[in-house]
Amino acid sequence: MNVTPVNQSDCLEVEVPFPLFFTIGVVSLAENLLVVVAVIRNRNLHSPMYCFICSLAAFNTIASLTKTWENLMIVLADVGQLEKKGFSETKLDDVMDSLLCMSFVGSIFSFLAIAVDRYITIFHALRYHNIMTMRRTGAVLGVIWTTCGVSAVLMVRFFESSVIKICFVVFFVVSLAIICFLYVYMFMLARIHARKIAALPTSGGGKSRRQRWWGNSMRGALTLTILFGAFVVCWAPFFFHLILIMVCPMNPYCECYRSLFQLHVVLLMSHALIDPAIYAFRSAELRHTFRRMLLCPDWKSQCS
């Protein structure tokens, strides 16, 4: 899946130093692995929402590992240690492109699953544990990973077809529209429910308990909205790049934008770097788990 531009305009291609690529990849890989391990080790995080967050972190881990290895291969090829057009190198490049596509599609599906989970948490709280069981969560995750793996292989295998490129871009736009609609609808209903809670009688502790529960639920929804916003900001320039390849392949103005391709890749990789920082900033339980893991490795016996 080659989307690297062939610059035929007066705009010089912006080149990003390999150490920057490598640093972003290694740091994001370490961060997302830390999130996955934290969710696995802390039983307080064994809930559907954190399972989906763990899945999102796993997809980010794949993206970080893939881009780091791909950039390392490019450096080895530049110094003559690899043959750029060799059969094994081409096959390996296809595998890495498939993994990158899988991480993208998986991120979209993970965000959609998290949004649905938050919706059920807020507006069907009494039936939440009957609807979102861990067995159903595992089944949803199995479907997500299987679908992402199959679709990624098909995307890379037939990416030279304009139809596949169009489907890829349409999938991105439609997915964003669906998730945005779900969040807007959720927050509109949230305002109505908040007014109803405020109108309840002030006597007794029932209202305060409901307000605390509502505040925690909305805090979780806001966290996921921030995560989704970061995803859009980091991935949108790359997809705009794909659109320009299809719409104006020879236009000099379009090629000036495509000369920023390596910056788009850096932004794409930065998404995997930003997500764990948002988790840690917004989740006290996750921050506490990180501290116990990093400062006290044997935390089950020594830090309890």
Side-chain angles (χ1 to χ4, degrees), residues 1-7 13 15-16 18 20-22 24-26 28-29 32 55-78 81-111 144-173 175 231-232 234-246 249 257-273 275:
M1 185 177 63
N2 185 13
V3 294
T4 305
V6 178
N7 197 344
E13 183 176 351
E15 295 186 359
V16 177
F18 170 74
L20 179 60
F21 277 119
F22 189 78
I24 293 175
V26 171
S28 61
L29 179 61
N32 284 282
S55 176
L56 178 61
F59 282 119
N60 284 338
T61 300
I62 292 174
S64 300
L65 186 61
T66 300
K67 292 307 298 180
T68 302
W69 181 248
E70 184 178 51
N71 287 316
L72 185 60
M73 286 183 60
I74 291 174
V75 171
L76 292 175
D78 289 340
Q81 297 299 315
L82 282 177
E83 184 182 351
K84 291 185 177 181
K85 297 300 182 179
F87 177 78
S88 59
E89 286 77 14
T90 301
K91 290 298 181 183
L92 184 58
D93 186 61
D94 288 342
V95 170
M96 290 189 294
D97 286 338
S98 297
L99 290 174
L100 188 61
C101 286
M102 186 177 75
S103 68
F104 162 73
V105 178
S107 296
I108 286 285
F109 281 135
S110 295
F111 279 118
I144 288 176
W145 280 82
T146 302
T147 303
C148 293
V150 173
S151 60
V153 171
L154 293 177
M155 283 181 183
V156 173
R157 175 66 180 82
F158 301 103
F159 193 77
E160 294 303 323
S161 170
S162 298
V163 175
I164 295 298
K165 292 179 182 178
I166 293 173
C167 290
F168 201 41
V169 173
V170 169
F171 171 75
F172 178 69
V173 174
S175 299
F231 175 82
V232 174
C234 292
W235 280 86
F238 175 78
F239 274 86
F240 189 57
H241 172 90
L242 292 183
I243 293 173
L244 292 182
I245 289 178
M246 294 183 291
Y257 179 83
R258 291 199 296 270
S259 68
L260 304 175
F261 177 72
Q262 290 194 21
L263 290 180
H264 303 158
V265 175
V266 168
L267 196 58
L268 182 151
M269 293 177 65
S270 298
H271 173 247
L273 187 70
D275 274 4

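Keep in mind that the numbers below use all heavy atoms, side chains included, and drop hydrogens, waters and symmetry copies.
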- request: Take Phe59 and Ile144 through the test side-chain contact (heavy atoms from CB on, under 4.5 Å) and record every step on the way to the result.
  value: CA-CA 11 Å; Phe59 282 119; Ile144 288 176; 4.1 Å; yes

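Residues passing the side-chain hydrogen bond (donor to acceptor under 3.5 Å, both in side chains) test with Trp145 are Ser55, sequence neighbours excluded. Phe171 is linked by a side chain to side chain contact (heavy atoms under 4.5 Å, CB included) to Phe104, Val105, Ile108, Phe109, Ser175, counting only residues two or more places apart in sequence or in another chain. The side-chain hydrogen bond (donor to acceptor under 3.5 Å, both in side chains) search around Ser103 returns none, not counting sequence neighbours. Applying the ring pair (Phe, Tyr, Trp, His ring centres under 6.0 Å) test to Phe21 and every residue at least two apart in sequence or in another chain returns nothing. Looking at residues two or more places apart in sequence or on another chain, you find a side-chain hydrogen bond (donor to acceptor under 3.5 Å, both in side chains) between Ser28 and Ser64. Every side chain to side chain contact (heavy atoms under 4.5 Å, CB included) that Leu244 has, sequence neighbours left out, goes to Phe240, Cys248, Cys254, Tyr257, Arg258.
Taking NE2 of His264 as the reference point, atom OG of Ser270 lies at 12.5 Å (rounded to 0.5 Å). Distance check: Asp275 CG to Ser107 OG gives 7.5 Å after rounding to the nearest 0.5 Å. Distance CG/Leu99 to CG/Leu65: 8.0 Å, rounded to 0.5 Å. To the nearest 0.5 angstrom, Glu15 atom CD is 11.0 Å from Leu263 atom CG. How far CZ of Phe238 is from CE of Met269: 13.0 Å, rounded to the nearest 0.5 Å. Atom-to-atom distance recorded for Thr66:OG1 and Met102:CE is 7.5 Å, nearest 0.5 angstrom.
A 4.5 Å side-chain heavy-atom check between Leu100 and Leu268 finds at least one atom pair inside the cut-off.
Looking at every heavy atom in both residues, Leu267 comes nearest to Pro237 through CD2-CG, 3.5 Å.
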